[in-house]
Student: 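Submitted below is the structure of interest, expressed as structure tokens.
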Amino acid sequence: MIMDHHHNTLSDRLTFPEDNRIATGFFAAGILGVVLSLIGMFINTEQFFYSYLTSFTFIASLVLGALFFVMVQHVTRSSWSVVLRRIPETISYQLIWLGLLFIPILFGMEFLYEWTRPERIATDELTRHKLPYLNTPFFIIRNVIYFAVWAALGYWLYKNSIAMDRSGDREIDRRQRIISAPGLLIFAYTVAFASFDWMMSMDSHWFSTMFGVYFFSMSFQAILAVVVVLVLYLFRKGLLTNTINKAHMHDLGALLFGFTVFYAYIAFSQFLLIYYANIPEETLWYYYRFEGSWVFLAYLFLIGRFVIPFVLLIGKKAKTNYRLLMGVSVWIIILQFLEMFWIVMPILHQGSISIHWLDITLLLAFFGISAGLFFRQFAKHSMIPKNDPLLAESLNKH
Amino acid sequence: MSQNTETVPDNRLVKGDHDFASITKLISDIPQERTPLWWYIAFGVSNIVLAVMIAMVVWLVWEGIGVWGLNNPVGWGWDITNFVWWVGIGHAGTLISAILFLFRQGWRTAINRFAEAMTIFAVMCAGLFPAIHVGRLWTIYWIFPLPNSMQLWPNFNSPLLWDVFAVFTYLVVSTLFWYVGLVPDLATMRDKVKGRISKLVYGTFALGWTGGNRQWQHYEKAYMILAGLATPLVLSVHTIVSFDFAVSIIPGWHTTIFPPYFVAGAVFSGFAMVLSLMIITRKLYGLEDIMTVDHIEKMNIIILVTGNMVGFAYVMEFFIAWYGGVEYEKFAFINRAFGPYAWAYWIMVTCNVVAPQFFWVKKFRRSIALTFALSIVINIGMWFERFVITVTSLAQDFLPSSWGYFSPTYVDVLTYVGTFGLFFTCFLLFLRFLPMVAIAEVKGVMPQADPAYYRSQNGNTKSTDDS
């Protein structure tokens, strides 16, 4: 290898500053959200659970997207992403908590999932047909499996990465790949079935083979936006400015652009095939989501989540224009929440968009606690995998 | 503060003791050498097979579609199966040239030229089937929206028409991409060949390339733009092919996962075909230093990934067929697995889902014999996938009284076999007359391409192979 003009040593501080109070701030906001939401639970229980599921799926999609990001980097032995990999690693480490956050949903199943209601089972033939799959015990078993598998993957990949910081043992890097390759396969099936369970089964008659891929496409686009926002936040605090360079941000921007197109491709294909065939069982899902003012959200996703980021990010310069990247990314994250809202909420509020204050407080609770947990964890270790075998190559990316 | 400061040495993409001159010689000598005997034999056989295809097509046009095994419930048989199969194979070339280019995968340089050529010929074979399936080949231009005195327009709501646009666009862009990439190498050929006529022909197609700085800048820009254009095309072609089925309400065809599932399947079969051809060619022409085992391993990983994507789609389809509770949909899938075409279904599952799982093991990924065998197995499996989708859903549809069974006639079989004649005739001509590896691009991924190479020691000492 040729070593002229290359820099191999890290010149930035590697730990998140201890005097940074952002985690505390997020926790405070989160706790405020929790308290308000608990009050709301007694005022409007049904609304509480719908809002809860919306925010849960929003956070889950991001954390799962991060897990996928980390595993793909390992499998492809990517060097470009090494300098920023600790960010998605730390996010996917939060999978150890995700299962706990799901528990409250089990108490709201009769509100959320019509297939759990005895009168529905008694009168509806299709619900009876689906009983071997859609029944509460099996639902719980499945979810225990999903969360256990994800927690194990998120935990291992993170812990191994931290262990490599200390020992620099190359063997760990190989082990990361050995976990990640089957991990991706398991990820595909668990995420698809989880999306069926959490969201698709809310309309118990509706089905779409694409739904798992649709959920994934949204998650991955959104997590790329989250990573962009976090890196740019670190830059603003003067952190890692000599470590993560424009070339890394360009690649992240390019991926965000690519997966914006992928999201549009998947979401539109699903819609078009159902629209074209025009079979009532299938179109009903879109019917509720296009009814009244709900259709504005559908147009917003088409324009806001595809057309606008597509046009803004297509140029080479745009991908290193940090203000633009920040704006587009924050916008995509907001739309990810709104798309979860659009999938979940029309069942409760048919005919027109209705925003309840619980939607806000639960988002605050989920986002505050998750972001707080992230920053608390992020401050514990080096912000980059400082002993990764591909670090030197990553630092020299240009 | 301990921190890793070492660099992991990259595996050399080009093995052996090569420099720029030896790469040029290795590739550009092939079209200048005496035509080997095996080439004449292979070309002769391909020509005979091609003649059979032409005879079958002529017979079909003369006599009508009835010479095929199509019958009343099964109006789409081998024709569409073959069309989708060949179009699918035609996906690897553009994937390798465009998507891997955008992802800056240096290893693509060894195989992109080769795969692009294969793409173009595969799309030609594919295009034949819908064209002859219309029955009246002489009015085939009606598929284009041409103004005419009868105010007759194609049906713009039909994905079959979108297919026409998608496939033609794909063919045009793939050909352009191939040709643009060829220009610097054609210039190399022009400078190398002795004969006056060959110099004139290569020179004409090299468009006056001199290899100047300005030309390279334009070239790089054009190549990047074409890669950007071709990438969505890789997705769009097979997506629209999947729409041919999925927009309908036929059980087993109408399922929302079809677009990405078809694209994954296309890449899967395309890579398998590139491997089949590459493994033979690298041996025949002694290109093992350029198309290395590392390349084969990387391609096998893509096969493993796409094979599992296809498997994922099978599982989703089967699960949702039950979960949806639609009577016909349930039947369609049970019938696929246990009905009269169960044999075809299980061939498909074995070849497409079980077979690629060998590639989890590094030793198998690097085994040339196994790779070759599995690449053939996978393409058999992918043919059966299209057959299963097309025929099982039609043969047993909504009305049991009109159920049928499709059996191919000799015309079906020989037309399909005949397309291999077309494919290999073109492919052998390509191998004989054009540089089959992108000479300039391979040089770009060699250590010598680093501007600092000759300043450091590497230039003076003989480099050793580090694999």
Side-chain angles (χ1 to χ4, degrees), chain A residues 1-6 8-10 14 75 79 125-126 129-130 133-134 164-166 168 170 181-182 184-185 188-189 192-193 196 205-214 254 258 261-262 265-266 269-270 272-274 276-279 281-282 382 385-393 396, chain B residues 1-10 102-105 157 159 224 228 231-232 235-236 239 242-243 246-249 253-261 263 301 304-305 308-309 311-313 315-326 329-330 360 447 450-453 455-456 458:
Chain A
M1 267 319 249
I2 301 99
M3 288 289 120
D4 306 3
H5 311 300
H6 289 205
N8 284 347
T9 42
L10 293 160
L14 293 183
V75 168
S79 61
E125 200 190 332
L126 261 176
H129 168 77
K130 295 181 188 193
Y133 183 79
L134 292 182
M164 193 148 64
D165 276 3
R166 284 195 295 269
R170 298 279 166 93
L184 282 171
L185 189 65
Y189 286 95
F193 279 99
F196 293 167
H205 283 191
W206 191 68
F207 53 88
S208 168
T209 43
M210 184 84 112
F211 198 78
V213 187
Y214 170 58
V261 179
F262 181 73
Y265 167 64
I266 296 294
S269 295
Q270 176 171 266
L272 181 81
L273 291 176
I274 288 172
Y276 198 118
N278 209 9
I279 299 172
E281 287 131 331
E282 296 178 7
S382 162
K386 60 182 178 181
N387 269 320
D388 193 285
L390 295 172
L391 178 69
E393 200 177 330
N396 284 308
Chain B
M1 184 175 69
S2 73
Q3 175 236 319
N4 171 49
T5 52
E6 288 161 55
T7 323
V8 181
D10 272 339
L102 295 181
F103 277 107
R104 293 191 281 269
Q105 296 293 309
N157 290 334
M224 178 63 104
T231 300
L235 293 175
S236 83
T239 295
S242 83
F243 284 172
V247 297
S248 73
I249 54 164
W253 289 10
H254 175 63
T255 166
T256 47
I257 206 168
F258 255 37
Y261 154 42
V263 173
I301 292 174
L304 176 63
V305 170
N308 276 313
M309 285 179 179
F312 174 84
V315 171
M316 289 301 130
E317 276 188 322
F318 230 99
F319 172 72
I320 296 289
W322 170 80
Y323 176 89
V326 180
E329 199 74 25
K330 271 192 292 181
W360 283 100
D450 191 312
Y453 178 76
R455 269 194 278 136
S456 61
N458 299 10

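Just so we're on the same page: letters track the sequence lines, and every chain starts at 1. The structure presented is a predicted model; accordingly, all values stated were derived computationally and were not measured.
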Student: Tell me, side chain or backbone of A:Leu185 under 4.5 Å from chain B's heavy atoms, or both, or neither?
Tutor: side chain

Student: Heavy-atom distance under 4.5 Å to chain A: side chain of B:Thr255, backbone, both or neither?
Tutor: both

Student: Please give me the minimum heavy-atom distance between B:Pro259 and A:Leu273, naming the atom from each residue.
Tutor: CD-CD1, 3.7 Å

Student: Among A:Ser79, A:Gly168, A:Gly258, A:Ala188, who wins on heavy-atom pairs under 4.5 Å with chain B?
Tutor: A:Ala188

Student: Look up atom CZ in B:Phe243 and atom OG in A:Ser269, then write down how far apart they are to the nearest 0.5 Å.
Tutor: 4.5 Å

Student: Side chain, backbone, both or neither: which part of B:Val326 has a non-hydrogen atom closer than 4.5 Å to chain A?
Tutor: side chain

Student: Below 4.5 Å from any heavy atom of chain B, which atoms of A:Pro182 appear? Answer side chain, backbone, both or neither.
Tutor: both

Student: Check the angle between the aromatic planes of B:Tyr323 and A:Phe196 and answer parallel, tilted or perpendicular using the 30° and 60° thresholds.
Tutor: parallel

Student: Determine yes or no for a side-chain-to-main-chain donor-acceptor pair under 3.5 angstrom, with A:His205 supplying the side chain and B:Gly325 the backbone.
Tutor: no

Student: Does some side-chain heavy atom of B:His254 sit less than 4.5 Å from a side-chain heavy atom of A:Glu282?
Tutor: yes

Student: So for atom CD1, which belongs to B:Ile249, do other residues, nucleotides or ligands contribute more than 12 heavy atoms lying within a distance under 6.0 Å?
Tutor: no

Student: Please rank A:Ala192, A:Ser208, A:Ser382, A:Gly212 by heavy-atom pairs under 4.5 Å with chain B and give me the top one.
Tutor: A:Ser208

Student: In terms of heavy-atom proximity below 4.5 Å to chain B, should A:Asp388 be classed as side chain, backbone, both, or neither?
Tutor: backbone

Student: Specify the closest pair of heavy atoms between B:Pro260 and A:Tyr265, including all atoms of both residues, with the distance to one decimal.
Tutor: N-OH, 3.5 Å

Student: Checking heavy atoms, do the side chain of A:Ala181, its backbone, both or neither come under 4.5 Å from chain B?
Tutor: both

Student: Considering only heavy atoms, which portion of B:Trp360 lies under 4.5 Å from any heavy atom of chain A: side chain, backbone, both, or neither?
Tutor: side chain

Student: Give a yes or no answer on whether the side chain of A:Tyr276 reaches the backbone of B:Asn157 with a donor-acceptor pair at less than 3.5 Å.
Tutor: yes

Student: Distance alone, cut at 3.5 Å: any donor-acceptor contact between the side chains of A:Tyr214 and B:Thr256?
Tutor: no

Student: For the residue pair A:Phe193 and B:Phe319, is the inter-centroid distance of their aromatic rings smaller than 6.0 Å?
Tutor: yes

Student: Is a side-chain N or O of A:Thr209 found less than 3.5 angstrom from the main chain of B:Ile257, in a donor-acceptor match?
Tutor: yes

Student: CH2 of B:Trp322 to NE2 of A:His129: how many Å apart, nearest 0.5 Å?
Tutor: 5.0 Å

Student: Quick check for you: among A:Val75, A:Leu134, A:Val261, which has the greatest number of heavy-atom pairs under 4.5 Å with chain B?
Tutor: A:Leu134

Student: Please state whether the side chain, the backbone, both or neither of A:Ile266 comes within less than 4.5 Å of a heavy atom of chain B.
Tutor: side chain

Student: Compare all side-chain heavy atoms of A:Val213 with those of B:Tyr261 and state whether any distance is below 4.5 angstrom.
Tutor: no

Student: What is the distance from atom CD of A:Glu281 to atom CD of B:Glu329, rounded to the nearest 0.5 Å?
Tutor: 10.0 Å

